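Counting from 1, the numbers follow the sequence of the chain as shown. All of these numbers come straight from a predicted model, not from anything done at the bench.
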Amino acid sequence: MPFVKVVKNRSYFSRYQVKYRRRREGKTDYYARRRLITQDKNKYNSPKYRLVVRFTNKEMICQIIYAKIDGDYVLGQAKSSELSKYGLAAGYKNYAASYCTGLLLARRVLQKLGLADTYKGQVNVTGEDYNVEAGDDGPRPFRAYLDVGLTRTTTGNRVFAAMKGVVDGGIEVPHGVQRFVGYDKEKEELDAKKLRSALFGGPVAVYMRMLSKEDEDRYKLQFAEYIKAGITADKLESLYKGVHKKIREDPSFTKKTPKAHGDKPQKRWNAAKISLAQRKDRVRQKKESFLKQQQREKEEN
C-alpha cells in the first residue's frame with residue numbers, strides 16, 4: 001500500500017477558524033453584507049441605509065435598516081399584513097401586495113423624517129421607470145440600497161416589486177429595470193403596460209378567471225379568502241387603486257390594543273406564584289393529611 005499523507009492533522013485543526021454563526025446557519029451572505037454596510041470614511045458617521053425585503057410563510061416584511069458597531073437598527077418597517085387596514089382582505093404575498101408594502105414603507109419613513117410633502121413620488125402608477133430627483137430647494141431625497149439577502153434575483157421576483165413601491169413612494173433606490181416584470185432581454189426594453197398590469201394584480205385576475213371556468217372546486221379552495229371578502233377578478237384593479245390612495249392618505253403605524261380577556265381567566269402554562277403564608281399553609285395541610293393516614297392505618301391493624 002502506498003504512503004498516504006494525512007492532510008487534516010493536528011496542526012490543521014489547531015489553526016482552523018470557524019465561520020460566523022449566521023454563515024454556518026446559512027442565513028447571511030457576508031460577502032454582500034460587507035459591501036452594503038461599509039460607508040466611506042469621508043462621510044464620517046453618516047449611516048448607510050438598506051432596504052431589506054424578506055418573505056415569511058404568511059406575509060412579507062419591508063424595513064429600512066442601518067448598521068452600527070453594536071448591531072443593526074431599524075428606522076422604519078411595514079408588513080403586508082397591515083394592508084388589511086387599507087382594504088386588502090386577502091393575498092398578502094403576491095406581486096401587487098409587495099408593491100403596496102413597499103409604498104407603505106416609503107410613505108411612513110418619509111412622514112417620520114418630515115419629507116413626505118417634499119417627495120411625493122409617482123402618484124399615478126403607469127409602470128414606467130421612475131427615479132426620485134432632488135429638488136432645487138430643501139433637503140436631498142432619502143437614499144437606501146436594496147438588500148435581497150439570499151433571494152435569487154430572477155426577473156419578475158417580488159423583491160423588485162417591493163423596491164418599485166419604495167421608489168414610487170419617494171425614496172431613492174439605485175436600480176435598473178432588467179428584473180421587473182415585462183422586461184424583454186432581447187429587445188432590452190421594459191414593457192410598462194405589462195408591469196402596470198402586474199402591479200394591479202393582473203396575472204392573479206387572469207388565473208382566477210381561468211380556474212373558475214376549468215375547475216370550480218379548486219377555485220373555491222384556492223381563492224377561499226377572496227370569495228369570503230367578495231373579491232372578484234374584475235374588482236382587483238380598483239381594489240389596489242383604493243389601497244394605494246389610502247396608504248398615501250395615512251401611512252402611520254397604529255399599535256394593536258391587546259385583547260381584553262373579560263371574566264375569563266387568562267391561560268397560563270406554569271404554576272402561579274404563591275405567598276409565604278400560602279406555602280406554610282400548604283405544608284401544614286400535607287402534614288395533617290399524612291398524620292391522619294398513619295392514624296387510620298394503625299386503627300386498621
From CG (Asp191) to OH (Tyr183), nearest 0.5 Å: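 Here the interatomic distance stands at 12.5 Å.
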Separation of Lys246 NZ from Cys100 SG (nearest 0.5 Å):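 These two atoms lie 11.5 Å from each other.
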Which of these passes side-chain hydrogen bond (donor to acceptor under 3.5 Å, both in side chains) with Glu288: Lys286, Arg284, Gln285?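 Of the listed options, the one satisfying the test is Arg284.
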Could [X] and [Y] be called an ion pair, given the rule that one side-chain N must be under 4.0 Å from one carboxylate O?
X	Y	result
Asp72	Lys68	no
Asp147	Arg54	yes
Lys241	Glu237	yes
Asp234	Arg209	yes
Glu133	Arg140	no
Lys256	Glu82	no

More than 12 heavy atoms of other residues, nucleotides or ligands under 6.0 Å from OH of Tyr20: yes or no?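 Open: at most 12 neighbouring heavy atoms sit under 6.0 Å from OH of Tyr20.
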Quiz item: cation-pi between Lys48 and Tyr66, 6.0 Å / 45°: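 No, Lys48 does not lie over the aromatic ring of Tyr66.
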Does NZ or CZ of Arg35 lie under 6.0 Å from the centre of the six-membered ring of Tyr31, at an angle within 45° of the ring axis?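 Judged by the rule (NZ or CZ under 6.0 Å from the ring centre, within 45° of its axis), Arg35 counts as positioned above Tyr31.
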